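First the proteins, then the strands, lettered A, B, ... as listed; each starts at 1. Since the structure is predicted, the reported quantities are computational estimates derived from the model, not experimental observations.
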There are 2 protein chains.
Amino acid sequence: MSGWEDIRAEVLRRIRMRVWPLGAAIPGEEELAVEFGCARATVNRALRDLASKGVLERRRKAGTRVVAIPVRKATLDIPVIRQQVEALGRRHSHRVLVQDMRQPPGAIRDQTGLSERLLYLETLHLADGRPFVFEMRWLNPAVLPPLPDFAEISANEWLVTSVTYATGEIAFAAEGAGTAEAAAMGVAMGVALFVTERVTRDAEGVAITHVRLAHAPGYRLRTVM
Amino acid sequence: MSGWEDIRAEVLRRIRMRVWPLGAAIPGEEELAVEFGCARATVNRALRDLASKGVLERRRKAGTRVVAIPVRKATLDIPVIRQQVEALGRRHSHRVLVQDMRQPPGAIRDQTGLSERLLYLETLHLADGRPFVFEMRWLNPAVLPPLPDFAEISANEWLVTSVTYATGEIAFAAEGAGTAEAAAMGVAMGVALFVTERVTRDAEGVAITHVRLAHAPGYRLRTVM
DNA sequence: CAGTGGTCTAGACCACTCG
DNA sequence: GAGTGGTCTAGACCACTGG
């Protein structure tokens with residue numbers, strides 16, 4: 001027993017076996033380093049990892065304790081739509097249905113903090129020619145480089161390469177298909193669609209884009225714990 | 001400039017400014033440590049963090065390069081339902097609607113790898129007395145401690161404290177309300193519901209439980225990037 | 001096989017925060 | 001104020017893998 005992953009495993013074992021009960025404090029790093037016969041940095045690495053996964057809670061001076069009611073954390077991959085399609089072994093294409101400048105509605109203004117006129121795009125993404133995702137996007141030209149021809153490269157893909165590593169919020173929901181979605185995706189109104197909504201911001205917190213993706217019926221977002 | 005977070009910020013800046021273009025290799029840790037005037041371990045920490053977020057790709061011998069088409073990673077919190085409800089400032093309660101031993105249907109057998117008879121539970125979770133989540137759960141008694149009275153403590157909550165830090169898979173989808181869900185939640189058939197499906201496994205990979213949570217209309221799963 | 005990242009060590013200082 | 005985790009350093013060895 002010496003690597004930090006071994007130490008993490010031993011700590012987990014003690015939690016499972018109730019050697020360290022839920023909600024209880026565990027020994028300090030120094031003490032564990034002595035017991036495990038390793039450097040404190042190694043213990044630190046193991047405990048920090050478990051804290052990042054919601055198993056432990058750590059505070060200076062207060063020490064480390066096992067979380068009483070764990071809030072598990074899972075990691076999601078947010079790929080570009082073209083990659084999603086190609087990962088399924090299908091061919092991606094897209095069609096721009098709407099592109100103009102317009103005033104954002106109230107809901108978009110609230111989420112982005114932008115009230116000026118924005119570029120609005122409706123794009124249908126296809127997998128092997130069949131509807132895959134219906135995208136409704138608002139772009140803030142004020143904080144973007146010169147825009148390309150979105151018939152050539154989808155806004156979805158252009159943004160990840162032109163705006164590297166921005167921050168923002170994501171939300172997932174289930175919604176019945178609206179008029180535009182039903183028409184574009186060839187489904188009945190009200191059919192349950194998986195919807196992803198995202199606001200992307202630059203380093204100063206100014207909104208770059210707001211996008212709403214409605215996925216075709218049957219779509220599942222997966223991950224492991 | 002000296003902490004690992006400062007170094008991470010500087011690396012990100014260079015990527016955004018295209019000093020290091022998308023897809024290109026960046027200097028080795030040794031070289032960067034000299035340039036930044038810090039220890040190699042500090043550079044390592046910064047680069048490892050960016051790799052875990054999908055910005056960099058690292059391989060021994062091959063070195064570190066900027067990912068050409070970034071796959072952003074987001075972290076989700078998976079709380080216990082009672083915590084979710086209470087975080088909204090509402091009061092949680094639950095009702096067990098069905099509890100018996102039965103043969104799992106094909107879909108559950110495929111996902112869990114279990115074909116023997118399992119304990120089946122249908123539970124309705126309420127927030128301030130109104131339907132919040134409809135839970136359909138399969139439990140494998142063979143790998144569980146003695147079961148409690150699920151009218152007292154919901155299976156959802158009992159499991160997180162009795163089966164600490166298990167692994168498994170999660171999937172999210174949008175589905176129209178089925179017969180059981182429509183009746184239990186008081187909504188019309190076919191209404192779009194946000195559905196969470198989870199398989200939990202013990203250390204040996206044996207399925208402990210399969211659960212399907214149908215959230216009441218309006219539910220949104222949120223996170224930040 | 002050799003270069004690069006992955007990890008460990010022993011020691012040190014610091015920042016936060018509980019009491 | 002003092003105890004605990006957070007981080008940094010300088011050096012070392014190791015594991016993986018590309019050429």
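Of the two residues near DNA chain D, A/L47 and A/A41, the one whose nearest nucleotide lies more 5' is A/L47. Residue-to-nucleotide proximity on DNA chain C shows that, of A/A39 and B/N44, the 5′-proximal contact is made by B/N44.
Screening residues 86-96 of chain B for salt bridge (charged side-chain N to carboxylate O under 4.0 Å, His left out) gives B/R82-B/E86 as the qualifying pairs, with residues at least two apart or on separate chains. Identified under the side chain to side chain donor-acceptor pair (under 3.5 Å) test for residues 122-138 of chain B, with sequence neighbours left out: B/H92-B/H125, B/Y120-B/E122, B/H125-B/E135, B/E135-B/R137, B/R137-B/T209.
Here the closest heavy-atom approach between residue B/A166 and residue B/R201 is recorded as CB-O, 3.2 Å.
A/T164 contributes atom OG1, which lies 13.5 Å from atom CH2 of B/W20 (distance to the nearest 0.5 angstrom). Here B/T42 contributes atom OG1 and B/E29 contributes atom CD; the two are 10.5 Å apart, rounded to the nearest 0.5 Å. For the atom pair CZ (B/R48) and NZ (B/K53), the distance works out to 12.0 Å, reported to the nearest 0.5 Å.
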Problem - Worked verdict on A/E175 versus A/R212 for salt bridge (Lys or Arg N to Asp or Glu O under 4.0 Å) - result: CA-CA 12 Å; A/E175 296 181 17; A/R212 175 196 148 100; 2.7 Å; yes
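Counting non-hydrogen atoms of other residues, nucleotides and ligands closer than 6.0 Å to CD of A/E30 gives a total of 12 or fewer.
Within a heavy-atom distance below 4.0 Å of DNA chain C, no residue of residues 22-32 of chain A is found. Contact check of residues 56-69 of chain A against DNA chain C (heavy atom, cut-off under 4.0 Å) returns A/R59, A/R60, A/K61, A/A62.
Rounded to 10 degrees, the angle separating the terminal helix axes of the helix from C/dC1-D/dG18 to C/dC18-D/dG1, each built from five base pairs, is 20°.
Proximity of a side-chain donor or acceptor of B/D77 to a complementary backbone N or O of B/P79 within less than 3.5 Å is not detected. B/R65 places a side-chain N or O within donor-acceptor distance of the main-chain N or O of B/G23, the cut-off being under 3.5 Å.
Ion pairing between B/E169 and A/R220 fails under the 4.0 Å rule for side-chain N and carboxylate O. Salt bridge status for A/R45 with A/D49: absent, with no side-chain N to carboxylate O gap under 4.0 Å. A salt bridge links B/E35 to B/R14: at least one charged side-chain nitrogen sits closer than 4.0 Å to a carboxylate oxygen.
From the 5' end on, the contacts that DNA chain C makes with chain A at under 4.0 Å to a non-hydrogen atom open and close at C/dT7 to C/dC18.
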